[in-house]
Amino acid sequence: MTEQPDCQHIVIVGGGMTGGLLAVLLAEQGLDVTVLDGAPAPVMPSGPAQLRVSTLTEASYWLLQNSGVWEHLDMSRVQPYDAMQVWDQDGTGEVLFRAEEVGAPSLGWLLENGHLAAALYRRAADFANLDWRCNAAVDSARREQGGWQVRAGDQCWQADLLVGADGARSRVRDWAGISGGARDSGHHALVATIATALPHGACARQVFMESGPLALLPLYSDPQQGEQRQCSIVWSGWPQRIAGLRDQPPAEFAAELQAAVGDALGDVTLLSERAVFPIQERHASSYVAAGLALVGDAAHVIHPLAGQGVNLGLLDAAVLAEEVERAVGCGRSCADSTALARYQRRRRGENLLMQNAMRGFQHLFGQRALPVRWLRNTGMRWVNQGGPLKRLFASQAMGRGADLPARARPQSQGL
C-alpha cells in the first residue's frame with residue numbers, strides 16, 4: 001500500500017458540484033486539498049442537452065463568478081431566465097415574477113449538472129495544491145488520533161479534515177455514525193427534454209396539480225429546435241402516476257404533457273428518454289463530527305419543486321470554506337471544532353427552513369378541499385398584485401439571504 005505524505009490537508013469525498021466548489025474555494029486559500037471521486041473525469045457536454053439540469057440563483061452565480069469558475073462555462077449552453085410563472089391547474093391563482101421587479105438582470109440561470117461539474121474540474125486544474133482524483137472510489141474512512149485515515153484502492157490518505165460531499169447515500173456520513181434522517185416524500189420525479197412550438201421566452205414555469213408539481217425550465221437554444229424552443233421538465237407526483245407517464249408511448253406522453261400545461265408553450269415534442277427517480281427527503285442529525293463535515297446532499301435533500309437543492313449545497317461549500325479560512329487565519333487547525341460548529345450553526349437552520357417550506361408547498365397544493373383551494377388561489381392573486389411580499393418571495397428564490405458568505409455577494413459588497 002502506498003502511503004501519501006504525512007501533511008495537514010483536507011480530503012473531500014465526492015467531486016460533484018458541491019464538492020468541486022469547496023475544493024476550489026479551499027485551494028484558493030493555499031490549503032492542501034485532495035478530492036476523491038469514484039466517477040470518471042467530468043467532460044464538457046456536447047450534442048443534446050443532458051437530462052439533469054440545475055437552476056442557479058444569484059448567490060450561486062456570484063460564488064462561481066468570484067471563484068473563477070464561471071469563465072470556464074460554455075455560455076452557449078447556459079440559459080438565463082428573467083421571469084417565473086407559477087399557477088394552479090385547477091384554480092385561478094397565478095403569480096408572475098419578473099427580474100426587473102427586484103432590480104436584477106436575471107432571476108437565475110439554467111445549465112446541465114455535468115456542465116457545471118466539468119467547469120469546476122477545469123478550474124481545479126489551476127491549483128498545484130489541489131489533487132482531484134477521478135475513478136477513485138473510497139473504500140473506508142476511520143477516525144484516528146489527530147485525523148482521519150481514508151483508503152481508496154491501494155492508497156491511503158491522512159486527513160486533518162474529512163468532508164463528505166458524496167451525495168444522499170453518503171458513506172462518509174455512515175462512517176461518522178451520523179443519522180441520515182431519511183423521509184419518503186411520497187413523490188417520484190420524471191425528467192426529460194422537450195421541444196416547444198412557441199419560444200419559452202426565458203421564463204421558468206411551474207404548474208401545480210393534484211398529483212404534484214410540473215416544472216418547465218428553459219434551456220439554451222438548440223439550432224435543430226430553433227430559438228428558445230427547448231425545455232427541461234421535472235414532473236413530480238405519486239409513484240404510480242409517474243411510472244405511467246414514463247411508460248407511455250412518446251406521442252401519448254406529449255399529449256398528456258400538453259394537457260397539463262395548456263397553451264403556455266404550444267405543442268410539445270419529446271426529445272429525450274424519460275428518467276424517473278424517487279424523491280426522498282433527508283436531513284442529517286448533525287453536519288459535523290470530530291474532524292469531519294458534511295455538505296450538500298450528504299447533509300440535506302429537499303423536494304426539487306423550487307430547484308433550490310444545488311444552491312443550498314453551494315452555499316454549504318462557501319460557508320464551510322469561509323469558516324476554515326477564519327480558523328486557519330487565526331492560527332488554528334482547518335478542522336477546528338469551533339469553526340465546524342459555526343459552519344453548522346450558519347447552515348443547518350437555513351437548510352431546514354427551506355426543506356420545511358418546500359414540504360409545506362407540496363402539501364398546500366396537494367389539498368383539493370374547496371375552501372383551501374379558494375384561500376390558496378386568492379393568496380396567489382393577492383401576491384401577484386405586487387408589493388413587498390412579492391419582492392420578498394422573489395429575493396428569497398434568488399438566494400438573497402441575510403447571512404450570505406462573502407463570495408456569494410457582488411465584489412462591491414465586501415469581496
Side-chain angles (χ1 to χ4, degrees), residues 8-37 42 54 56-73 113 116-133 159-166 172 287-288 291-299 309-330 332-336 339-340 342-347 350-351 399 401 403-411 413-415:
Q8 177 167 329
H9 75 293
I10 300 169
V11 172
I12 302 171
V13 178
M17 295 179 286
T18 300
L21 178 64
L22 177 61
V24 167
L25 294 175
L26 293 171
E28 283 186 327
Q29 302 173 25
L31 297 169
D32 291 321
V33 182
T34 299
V35 176
L36 301 176
D37 190 73
S54 289
L56 297 181
T57 64
E58 181 183 75
S60 294
Y61 164 80
W62 283 113
L63 275 175
L64 299 174
Q65 184 73 255
N66 294 328
S67 60
V69 176
W70 192 264
E71 64 190 60
H72 289 280
L73 293 171
N113 291 5
L116 179 52
L120 288 160
Y121 189 67
R122 288 186 176 184
R123 174 59 173 144
D126 295 334
F127 300 97
N129 55 316
L130 172 50
D131 181 14
W132 188 324
R133 302 205 173 196
D160 291 271
L161 174 61
L162 175 62
V163 180
D166 51 341
V172 172
Y287 286 14
V288 300
L292 179 143
L294 303 175
V295 294
D297 286 356
V310 66
N311 298 289
L312 298 181
L314 296 180
L315 285 174
D316 289 348
V319 170
L320 179 58
E322 194 168 78
E323 293 301 336
V324 168
E325 183 176 27
R326 188 200 305 264
V328 172
C330 294
R332 303 196 301 270
S333 166
C334 61
D336 177 70
L340 297 183
R342 284 179 58 88
Y343 158 67
Q344 174 164 255
R345 186 164 58 248
R346 291 177 64 183
R347 293 303 304 151
E350 292 287 332
N351 293 334
D403 188 27
L404 285 178
R407 286 196 171 277
R409 306 174 194 150
Q411 294 188 6
Q413 296 184 17
L415 284 169

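- For D166 (side chain) and G14 (main-chain N/O), no donor-acceptor pair under 3.5 Å exists by modelled atom type.
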When you look at N113 and S54, which way does the side-chain hydrogen bond (donor to acceptor under 3.5 Å, both in side chains) test go after all the steps? CA-CA 6 Å; N113 291 5; S54 289; 2.5 Å; yes
Assess the residue pair V33 and N129 against the criterion (side chain to side chain contact (heavy atoms under 4.5 Å, CB included)); give the C-alpha distance rounded to whole Å, side-chain angles, the decisive distance to 0.1 Å, and a yes or no. CA-CA 6 Å; V33 182; N129 55 316; 5.5 Å; no
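- Shortest non-hydrogen contact noted between P405 and A318 is CG-CB, 3.5 Å.
- The two atoms that bring S60 and N311 nearest to each other are OG-OD1, 2.6 Å, heavy atoms only.
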With side chain to side chain contact (heavy atoms under 4.5 Å, CB included) as the criterion, how do R347 and L312 come out once you've worked through the C-alpha distance, each side chain's angles and the decisive distance to 0.1 Å? CA-CA 9 Å; R347 293 303 304 151; L312 298 181; 3.9 Å; yes
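- Distance CE/M17 to CG/L314: 7.0 Å, rounded to 0.5 Å.
- D37 places no side-chain N or O within 3.5 Å of a backbone atom of W132 that could act as its donor or acceptor partner.
- Between the side chain of Y343 and the backbone N or O of L294 there is at least one donor-acceptor pair closer than 3.5 Å.
- Each of L56, L404, L315 was compared with L63 under the side-chain contact (heavy atoms from CB on, under 4.5 Å) criterion, and only L315 meets it.
- Between E28 and R123, at least one side-chain nitrogen of the basic residue sits less than 4.0 Å from a carboxylate oxygen of the acidic one, meeting the salt-bridge criterion.
- Contact between L22 and A317 at its shortest, heavy atoms only, is CD1-O, 3.4 Å.
- Heavy atoms only, all atoms of each residue included: L340 and V288 are closest at O-CG1, 3.5 Å.
- For N351 and Y287, the side-chain atoms include at least one donor-acceptor pair closer than 3.5 Å.
- For the side-chain hydrogen bond (donor to acceptor under 3.5 Å, both in side chains) test with E323, the passing option among R346, R345, Q344 is R346; the others fail.
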